[in-house]
J.: 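This is the structure, below, for whatever I ask next.
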Amino acid sequence: MRAREIRISSDAKQLFHDAAAKFVEIAQIAVREHGRFMVALSGGSTPRSLYSELAGEFRSAVPWEQCIFFWSDERHVPPDDPESNYRMAYETMLSKVPLSAKNIHRVIAENPDAAAAAEAYQEAVIDVFSLSPGEFPRFDLILLGMGPDGHTASLFPGSAGLNETKKLVIANWIEKFKSHRITFTFPVLNNAACVLFLTSGTDKATMLKDVLEEHHEPPFPCQLVKPNGALIWMVDQAAATDLKSA
Ligand code: 6PG
């Protein structure tokens, strides 16, 4: 893994502007270098403002037609469910930009069989990346968030998915939610050319310090994200309050 980079923006507004600029930079380089930008979006609430920035102020800078969108994880719900990560990204960005439906690869999470939904998503990734057996995709960018318990994607502390080393996508049972979530595994996250964590707000400050500056046994899932490419944490001052380096 290249050296971890931590970028602190003055406030949330600046953070999402800075993150959008970074997204555009990576996208433009990827398209220049290999004709397309393979990106996995994160879910939850934090990225909403990033997606709005990309569809707004940065709209003309993004090479939309060469962007191929996946999701790092998805809840086990239909695409029109308020909990759906696909729905959030579609409403805030994908529905507002010049992009063909063929560029959007959502998890078919309405399938009542979560394992089958994960298997189908894994097949879609293998197909789009033209992977050989045992090969992992190399995303140009994987966006991730940090949960209050140190989870990322849908890799939660204590969940079976933390130990997956062969599959690209799994249906991970999350006991506290009494439900499955479909998620990329660590081999996929750690094969990315760039992983970009986006963290905002004072409610994340304690966990952010734990993840970035403390040793934990077992490690928090966020601490197991060690891509062979770049690892960048983009945070605002509120989230960085407890960091030594802030
Ligand atoms: C999800 C995300 C999850 C998220 C963190 C942070 O499906 O919820 O993939 O990993 O990034 O839980 O969520 P917030 O941005 O809402 O704090």
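When a residue number appears, it is its place in the shown sequence, counting from 1. Ligands are counted one by one from 1 in listed order, and the atoms in each one are counted from 1 as well.
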J.: Can you check whether E83's main-chain N or O pairs, donor with acceptor, with R75's side chain at less than 3.5 Å?
T.: yes
J.: Taking only heavy atoms of H151, which atoms of ligand 1 are found under 4.0 Å from at least one of them?
T.: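 In order of numbering, the contacting atoms are 3 (C), 5 (C), 10 (O), 12 (O).
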J.: T152 to ligand 1: N or O pair under 3.5 Å?
T.: no
J.: Are any side-chain N or O atoms of E164 and backbone N or O atoms of K166, one a donor and one an acceptor, separated by less than 3.5 Å?
T.: yes
J.: Pull out every atom of ligand 1 sitting under 4.0 Å from any heavy atom of R181, numbered as shown with elements.
T.: 1 (C), 7 (O), 8 (O)
J.: What is the closest protein heavy atom to atom 6 (C) of ligand 1, and at what distance does it sit?
T.: M146 O, 3.5 Å
J.: Which ligand 1 atoms, with their elements, are less than 4.0 angstrom from a heavy-atom of G44?
T.: 1 (C), 2 (C), 8 (O), 16 (O)
J.: D73 heavy atoms, cut-off 4.0 Å: which ligand 1 atoms fall inside?
T.: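 Numbered from 1, ligand 1 contributes 1 (C), 2 (C), 7 (O), 9 (O).
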J.: Stepwise, does the side-chain contact (heavy atoms from CB on, under 4.5 Å) test hold for K244 with K209?
T.: CA-CA 8 Å; K244 284 198 285 281; K209 176 188 178 45; 4.3 Å; yes
J.: How close does the nearest protein non-hydrogen atom get to atom 15 (O) of ligand 1, and which residue and atom is it?
T.: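 Looking only at protein heavy atoms, the one closest to atom 15 (O) of ligand 1 is T46 OG1, 2.6 Å.
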J.: Is it the case that ligand 1 has an N or O less than 3.5 angstrom from some N or O of R75?
T.: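 Yes; at least one N/O pair falls below 3.5 Å.
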J.: Locate the shortest heavy-atom distance separating P63 from V31; write the atom from each residue and the value.
T.: CG-CG2, 3.7 Å
J.: Using distance alone, decide if ligand 1 has a nitrogen or oxygen within less than 3.5 Å of any nitrogen or oxygen in L144.
T.: no
J.: Is there a donor-acceptor contact under 3.5 Å linking the side chains of S9 and D18?
T.: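 There is such a pair (donor and acceptor under 3.5 Å, judged by atom type) between the side chains of S9 and D18.
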J.: Look at the side chain of D236 and the backbone N and O of K13, then say whether any donor-acceptor pair between them is shorter than 3.5 Å.
T.: no
J.: Mark yes when over 12 heavy atoms from residues, nucleotides or ligands other than K167 sit less than 6.0 Å from its NZ; otherwise mark no.
T.: no
J.: C67 and L99: which non-hydrogen atoms are nearest, and at how many Å?
T.: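 That would be O-CD1, 3.9 Å.
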J.: Which ligand 1 atoms, with their elements, are less than 4.0 angstrom from a heavy-atom of S45?
T.: 14 (P), 15 (O), 16 (O)
J.: Strictly under 6.0 Å, is that where the ring centroids of F139 and F129 end up?
T.: yes
J.: Tell me: protein heavy atom nearest atom 17 (O) of ligand 1, and distance?
T.: K204 NZ, 2.7 Å
J.: List every atom of ligand 1 that sits less than 4.0 Å from any heavy atom of N85, numbering the atoms from 1 in the order shown and giving each element.
T.: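 Reading through ligand 1 atom by atom, the close ones are 1 (C), 7 (O).
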J.: Which atoms of ligand 1 have any heavy atom of A153 under 4.0 Å away?
T.: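 So the answer, numbered in order with elements, is 2 (C), 3 (C), 9 (O), 10 (O).
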J.: Among all protein heavy atoms in this structure, tell me which lies nearest to atom 11 (O) of ligand 1, with the distance rounded to 0.1 Å.
T.: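 Ranked first by proximity to atom 11 (O) of ligand 1 is G145 CA, 3.3 Å.
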J.: Please report whether ligand 1 has a polar contact with S154, defined as an N or O pair separated by less than 3.5 Å (distance criterion only).
T.: no
J.: Is the ring pair H105/F70 parallel, tilted or perpendicular, if the boundaries are 30 and 60 degrees?
T.: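 Parallel: the ring planes of H105 and F70 meet at under 30°.
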